[in-house]
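As structure tokens, the structure follows; a few thoughts come after it.
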Protein chains: 2
Amino acid sequence: MRHLSAGQLARLVGAGPRERPYYRAFADAVRAAVLDGQIPVRVRMPAERDLARALGVSRTTVTAAYDLLRERGFLESRQGAGSWTALPDPALTPDNPWLAVDGDGLIQLHAAAPPAPSALRAAMTEAVEEIPRYGMGNGYHPLGLPVLRERIAARYTERGVATRPEQILVTTGSQHAIEVVLGALAAPGDAILVESPTYPHAVDSVRRRGARVVSTGVSADGWHEDLVSGAMRQVGARLAYLMPDFQNPTGALMDDATRSAVAAAARRSGTLLVADETWAELALDEVPRTAPMAAFDTGGRVISIGSASKLWWGGLRIGWIRTTAALARRLAAHRASVDIASPVLEQLVVAALFDRLEETRQERRRALRASRATLVAELREHLPEWRFTVPPGGGTLWIRLDSGSAVSLAEAAACHGVRIAPGPWFGLEGTLEGYLRLPFTQPPQVLREGVARLVTARRLGRTGAVRAPDALSPVV
Amino acid sequence: MRHLSAGQLARLVGAGPRERPYYRAFADAVRAAVLDGQIPVRVRMPAERDLARALGVSRTTVTAAYDLLRERGFLESRQGAGSWTALPDPALTPDNPWLAVDGDGLIQLHAAAPPAPSALRAAMTEAVEEIPRYGMGNGYHPLGLPVLRERIAARYTERGVATRPEQILVTTGSQHAIEVVLGALAAPGDAILVESPTYPHAVDSVRRRGARVVSTGVSADGWHEDLVSGAMRQVGARLAYLMPDFQNPTGALMDDATRSAVAAAARRSGTLLVADETWAELALDEVPRTAPMAAFDTGGRVISIGSASKLWWGGLRIGWIRTTAALARRLAAHRASVDIASPVLEQLVVAALFDRLEETRQERRRALRASRATLVAELREHLPEWRFTVPPGGGTLWIRLDSGSAVSLAEAAACHGVRIAPGPWFGLEGTLEGYLRLPFTQPPQVLREGVARLVTARRLGRTGAVRAPDALSPVV
């Protein structure tokens, strides 16, 4: 293998970089030299000690620079053999900066998360103007700010279930709401009923406390009320976690008759019904009007979870729980040992967005409709063997593949620049291998490019090392 | 008992209130009438049905109004006996709106949480200007925004321990950081060493996962290194949670020799050292310069926790973890099932505050010094029997009472308009009854009034029903 001496490298890259921190500027200069071809690939780099001396910096600085180059794929090392230059996996190179999350350069079709609404900045500016009213306080409001709790309660009332602000607990996103409900109400060994397929982070949260996960099937056509009710009764479910409104991932919408029957069954079996209504505001077609699950409640057994993430933006991290005033206080006390309270400014932003509810909702619905139409058209044209029901709302298509494994396809897709969420991520025991969830939350041009990459991935298969699904890109 | 007919009440209060929601406006009107003496106390209110008819509203509306009045203490009810007007506990009436948290009207001396710095609004305005750069993304950054991770890493480097951004995980406050570390690294039955006294929400978090809490003593004079090291070894501690920098509640500062010895002992006993450095930036006197605990680390065994809450504001809910890059990623994957990620805007605000670090830190130090001087002077004048060491930094005094129980005193104090945190809240088994923590994070005039109320409470004792410590006012 060719090698570079410390003196050569110091001259090539220059003792030049003056930006701080030095190790990063130095690593950037090496990266640029490799990309420009000034330093070829597979050239052995000098020992850290020698390079430190040649550059007149500390050994630690060189170590940090080498670490960074290794992390970015421009350096490979092996014990005893030293380090040599390399090129990172092409799939890692960002081709479009605003498609990339945390810089991995893949189109992110594993997440069903829309961009921010155009009113976000105005809502934020308004919220900042309110801050002086809160700044003298200590900033901790475990139940949430009264102004936001009032707006959330009023919206439930408008949607058909009378609600007082005292019944609302503001959370740091809907996942946090799930975590708080389970943390306070589920014990090891409890049976918890979930849908299959379901939202995977909720299952993580159930499993982490040693509760027993039991599932009931759901498809784009909906639920079998008798199976849901039967499962609650037979396993003596402590809690059932359901998504009646444009279920993630299937997009199914539960009708009022089924809601009523499921709520009655929950009462008979002593099950708490946790209704995750994250997508509830996003009907895209003319669907029969449904009331929130809590409207069918008798006896405070329905705990509703809502979120600002789909209607507005995931980057806000604000969700909420609607329950009885007494349980809201109990859950708030529990959260003190989770995250104490939600950020004040974020809550004021969401309150300001509630004041623009209809306008922002229409914008989101228009965008989702256009994206849904594009995704459906692209799939029908380029992947006509795949089967799916177009959901009347929400943000995801649940696709049945004609053949092969969605897990293999996801591995191939990552090699070709698109990250997707295969069926087993939404199942319980590695099932659902023949399914795939595709979101239509991104703009049409991104979806077109994503489908094109999927077609390539399907044709060529894997073209490099398998990239593990990245736990740092949440599946929402 | 006197009673009001539905017609009388309707006339008194008027079908008048036109603000929405009606039930709240109606309840407010009844409250005002009781406070004005137009409706006497202990007058029976009409049945809900009759009142609904008289007002021409639904029965549900009247129920909601009555519920609200009951919650606020203006109505009492007993099955079969109906409902009658009442006056809430005087301690519940807000006398100074900006001292109250969630409207309970007590001076909040149970929390060590300063008000926001004057630069907060400017930092927020700057952050909002950055938002368009992030709005097209999905908003989920489980490790934290690069701009903030860079600033946090640079600050560690400045403070004496070289740190790369890859080693930083941004969390939703320091309690959340504790929760994430314990959630990922502590299993049921693990021995976890904590200080006694210690930060109570950390203990909640340990206990909730069935880990075993073991303690080692600390006082304002500091730690006994041999006892800390011995305890780690003898119980085979999986993890030790320590606050070396102005320990909460004692204010003790660990010197470098002790840091070094404790870190070495942790390595020998295979213990992970979780150093909560929430108060580290807030030395108030000239103290020997100490390096962050991680500077004494060998082998990635020190996990550092930091926070924006004390230096800047608790309402921001931003904290961080410094560890190895590999463990930072593992912890970030774990948090996906806790809260997914921290809010984007809040992170940008904290990044903007880091750009004003020295200026905001000096402001906070000046305020804390003034408040500390006031609290110390007031206590020496009015409660000279109480003993304490004035800490060289942080935000709390740890006080040894001359006699009696701090728990009884806290109960009496709540009756006289001040909420305090008695010693047992910081202990493990109901010990520390003779101690009290008082924060000096609030302005001098609030502390003066707080001490005056304490003096009254000590003289008069309880003057009403015992008010349980309110779990919704976090002890930070």
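The sequence lines fix the lettering, A, B, ..., with proteins before strands; numbering per chain opens at 1. Computed from a predicted structure; not experimentally measured. Hydrogens, waters and symmetry mates play no part in the numbers below; they use all other heavy atoms, side chains included.
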Measuring heavy-atom distances to chain A, does B/Ala325 have an atom under 4.5 Å in its side chain, in its backbone, in both, or in neither?
side chain

Does any heavy atom of chain A fall under 4.5 Å from the side chain of B/Arg208, the backbone, both, or neither of them?
side chain

Which bit of B/Arg24 comes within less than 4.5 Å of chain A, counting heavy atoms only: side chain, backbone, both or neither?
side chain

Quick check on B/Val475 against chain A: is it the side chain, the backbone, both or neither that has a heavy atom closer than 4.5 Å?
neither

So for B/Ser342, is it side chain, backbone, both, or neither that comes closer than 4.5 Å to the heavy atoms of chain A?
backbone

Quick check on B/Leu316 against chain A: is it the side chain, the backbone, both or neither that has a heavy atom closer than 4.5 Å?
backbone

Please look at B/Pro200 and chain A and tell me whether the side chain, the backbone, both or neither of the residue comes under 4.5 angstrom of a heavy atom of that chain.
neither

Sort B/Ala64 into side chain, backbone, both or neither according to what part of it lies under 4.5 angstrom from a heavy atom of chain A.
both

Write out, in numerical order, the residues from residues 179-189 of chain B with a heavy atom short of 4.5 Å from a heavy atom in chain A.
B/Glu179

Please classify the contact between B/Gln347 and chain A as side chain, backbone, both or neither, with a heavy-atom cut-off of under 4.5 Å.
neither

Under the side chain to side chain donor-acceptor pair (under 3.5 Å) test, residues paired with A/Glu363 that sit two or more places apart:
A/Ser118

For B/Glu346, is it the side chain, the backbone, both, or neither that has a heavy atom closer than 4.5 Å to a heavy atom of chain A?
both

